[in-house]
Structures are given as structure tokens and as C-alpha cells.
Amino acid sequence: MKCPYCAHLESKVVDSRPAEEGASIRRRRECLSCHKRFTTYETVESLPLMVVKKDGSRQSFDRSKVLGGLIRACEKRPVPYGALEDMVNEIEQALQSELEREVSSAEIGELVMDRLKKLDEVAYVRFASVYRQFKDINTFMRELNKLLEEQ
């Protein structure tokens, strides 16, 4: 590891410990030339996940967009922020574990709705109304009726 102080290429690891709930390893290193210490983080390299939008365009997966949609859907609802973060982590993990590097925005929306329905039904209906672009009150009522039938 290159020293940030003197650019020497050799260092020794003084201490290692898990960081970010086991998602990375924090290492304290000491340069073998100038003897100054510095910290590095080791993480698993993941391949970028591309989202295919309705219009066919592609962009990289952005977890903050998913979280933002969930926050808007759960506004003024008794849903803890931590539950939303956990949901986004779960969705991202599910997408990363698939072999495909491209996923449709529709698939992401369905994953969100499946989990949101179990968490908060009002937030689910809010999200579904935007995601499925309800055109009128009848479409909205059909979704509500489906939800009631499942109970």
C-alpha cells in the first residue's frame, strides 16, 4: 500500500478490525520508510448494477433514489427511518445476488411494493399510485380492493 506521506510502496499492518457492520475491514498501517501511520479500508468490489428505464435508457443503480421514494411514501406515517434503510439494503442485496447486471426499473418497483405492503399499507398505496400512475379514482379503488381481498 502506497504511503500517503512519502509515497513509499511498502507498509505493515498494525491493526485490523471489521467496519461498517462487517461490510469492510479497517486496517491501520505503518509505513516502513517514514514510520507514519495511516488507515485503509478493504471492501468487496461489486460490479455496477444498471437500471433499464421505461424509455430504454440506462443508468447506474442509485440506492438514494429508492430511499427517497420510500421516504415520500412513508411521510407522516409511523415508519422508522431504519426500517426504510433496511428495506433498501435488502432490495439492493437481492438485486446484487442476481446474475444479471441489468435490471428493469419495473422489477425494482415491484420489489419495493412487495416489501412496502408488509410494512405499511397506506405507504404502499401512496407508492403504488405514483409508480403505477393511477389515471383515475377507479384504478385507485381497484388497487384498494385487491389489498382488502388479500386480508
Side-chain angles (χ1 to χ4, degrees), residues 1-5 11 13-30 36-151:
M1 181 64 64
K2 186 177 183 179
C3 174
Y5 304 106
S11 63
V13 175
V14 179
D15 180 43
S16 288
R17 62 180 66 171
E20 299 173 22
E21 298 178 1
S24 65
I25 297 175
R26 178 183 181 271
R27 298 196 194 280
R28 286 295 292 161
R29 296 177 176 268
E30 183 179 315
K36 289 188 179 180
R37 291 187 174 191
F38 57 97
T39 302
T40 60
Y41 291 89
E42 181 180 314
T43 59
V44 173
E45 184 177 27
S46 61
L47 296 172
L49 187 62
M50 298 302 291
V51 178
V52 181
K53 309 288 273 181
K54 287 179 186 175
D55 65 1
S57 65
R58 287 167 170 68
Q59 66 184 66
S60 58
F61 176 79
D62 185 356
R63 61 179 285 115
S64 65
K65 286 185 178 183
V66 177
L67 185 58
L70 287 170
I71 289 170
R72 281 190 298 281
C74 294
E75 196 170 318
K76 297 183 182 179
R77 299 293 306 153
V79 178
Y81 183 77
L84 300 179
E85 283 185 323
D86 291 345
M87 187 184 302
V88 174
N89 288 338
E90 191 178 302
I91 290 167
E92 186 175 20
Q93 185 65 42
L95 294 171
Q96 287 287 351
S97 67
E98 292 179 8
L99 297 176
E100 296 295 319
R101 294 292 90 203
E102 290 187 349
V103 61
S104 70
S105 58
E107 184 178 343
I108 295 171
E110 292 300 324
L111 288 171
V112 169
M113 289 199 313
D114 287 345
R115 286 160 175 79
L116 199 52
K117 188 187 295 187
K118 297 170 190 161
L119 186 67
D120 187 284
E121 291 174 338
V122 172
Y124 163 76
V125 172
R126 285 179 180 170
F127 187 89
S129 70
V130 173
Y131 174 72
R132 293 205 172 127
Q133 299 175 340
F134 292 167
K135 303 284 187 247
D136 55 24
I137 194 72
N138 292 327
T139 315
F140 194 78
M141 286 304 296
R142 277 195 297 275
E143 190 66 33
L144 286 176
N145 287 332
K146 277 199 303 191
L147 191 59
L148 289 171
E149 287 172 8
E150 289 175 8
Q151 291 180 345

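Atom set for the values below is all heavy atoms of this structure, side chains included, hydrogens, waters and symmetry mates excluded.
- Taking CG from Leu116 and CG from Leu84, the interatomic distance works out to 8.0 Å, rounded to the nearest 0.5 Å.
- For residues 89-110, every residue pair satisfying the salt bridge (charged side-chain N to carboxylate O under 4.0 Å, His left out) rule, not counting sequence neighbours, is listed here: Arg58-Glu102, Arg63-Glu92, Glu90-Arg115, Glu110-Arg132.
- Across all non-hydrogen atoms, the minimal contact from Leu95 to Val103 is CD2-CG2, 3.6 Å.
- Residue pairs that meet the side chain to side chain donor-acceptor pair (under 3.5 Å) test with at least one member in residues 47-57, sequence neighbours left out, are Asp55-Ser57.
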Q) Should Tyr124 and Leu119 be marked as a side chain to side chain contact (heavy atoms under 4.5 Å, CB included) after you check the CA-CA gap, both sets of side-chain angles, and the distance that decides it? A) CA-CA 8 Å; Tyr124 163 76; Leu119 186 67; over 6 Å; no
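- To the nearest 0.5 Å, the span separating OG on Ser60 from NZ on Lys65 amounts to 8.0 Å.
- At a threshold of 4.5 Å between non-hydrogen side-chain atoms, the residues Asp120 and Pro78 count as touching.
- Here Phe127 contributes atom CZ and Cys74 contributes atom SG; the two are 10.0 Å apart, rounded to the nearest 0.5 Å.
- Proximity of a side-chain donor or acceptor of Arg126 to a complementary backbone N or O of Glu75 within less than 3.5 Å is detected.
- Each of Arg29, Lys2, Glu30, Arg27 was compared with Phe38 under the side chain to side chain contact (heavy atoms under 4.5 Å, CB included) criterion, and only Arg29 meets it.
- In this structure, Phe61 and Val51 approach most closely via the heavy-atom pair CA-CG2, 3.7 Å.
- The line from CD of Glu85 to CG of Leu70 is 11.0 Å long, rounded to the nearest 0.5 Å.
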